[in-house]
Amino acid sequence: MLNGTGRKGAASIVAERLRREGFDVVKVGNAPEKTFARTVVAQRRDAQAVANRVAQALGVHGTCPFRNENLLVDATVFVGRDIEEILPQ
């Protein structure tokens with residue numbers, strides 16, 4: 001879970017939502033860039049079904065392949081400035 005916005009705590013907010021829905025969020029931090037307009041769910045390993053479930057839980061349309069077999073995670077969420085749209089009010 002990486003914060004791709006300039007909003008402090010955005011990734012933590014989204015991580016807590018996913019944890020409440022039963023997802024194992026391993027790490028929360030900042031993305032290298034803070035310019036993500038939209039939230040992106042990246043598939044990291046051979047786990048398209050997991051990435052799809054994460055995207056569906058967040059209301060994000062689709063996933064993108066950003067494979068890295070060396071990472072021990074199935075998906076990475078890059079939180080974008082659309083956070084207000086994907087989180088309940």
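A quick note: this is a predicted structure, and the numbers were derived from the prediction, not measured.
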Q. Once you round to the nearest 0.5 Å, how far does CG of D82 lie from CG of L58?
A. 9.5 Å

Q | Side chains of R44 and T76, donor plus acceptor under 3.5 Å | A | yes

**Q.** Intermediate values then yes/no, side-chain contact (heavy atoms from CB on, under 4.5 Å), V54 and V77
**A.** CA-CA 8 Å; V54 170; V77 177; 3.6 Å; yes

**Q.** Salt bridge R7-E84, side-chain N to carboxylate O under 4.0 Å
**A.** yes

Q: Taking all non-hydrogen atoms of both residues into account, name the closest pair between F36 and V79 and its distance.
A: CB-O, 4.0 Å

Q. What pairs with R45 under salt bridge (charged side-chain N to carboxylate O under 4.0 Å, His left out), at least two apart in sequence or on another chain?
A. D74

Q: Quick one: pull up CD1 in I83 and CD1 in I13 and give me the separation to the nearest 0.5 Å.
A: 5.0 Å

Q.
What's the separation between atom CG in N3 and atom CD in E33, rounded to the nearest 0.5 Å?
A. 13.0 Å

Q: Determine the minimum heavy-atom distance between T63 and A55, stating which atoms define it.
A: CG2-CB, 3.9 Å

Q) Going by atom types alone, do Q56 and N52 pair a side-chain donor with an acceptor below 3.5 Å? A) no

Q) What closest approach, in Å, do C64 and V40 show between heavy atoms, and which atom pair accounts for it? A) SG-CG1, 3.4 Å

Q: Flag yes if more than 12 heavy atoms outside K34 fall under 6.0 Å of its NZ atom; otherwise flag no.
A: yes

**Q.** Heavy-atom closest pair, residues G80 and T39
**A.** N-OG1, 3.0 Å

Q | For E16, all residues meeting side chain to side chain donor-acceptor pair (under 3.5 Å), sequence neighbours excluded | A | R19

Q: Please report the closest heavy-atom contact between A11 and M1, naming both atoms and the distance.
A: O-CG, 3.3 Å

Q.
With heavy-atom distances below 4.5 Å as the criterion, would you say the side chains of F23 and R53 are in contact?
A. yes

Q: For A75 and V41, work out which heavy atoms get closest and say how close.
A: CB-CG1, 4.2 Å

Q. Are any non-hydrogen side-chain atoms of R38 and H61 less than 4.5 angstrom apart?
A. no

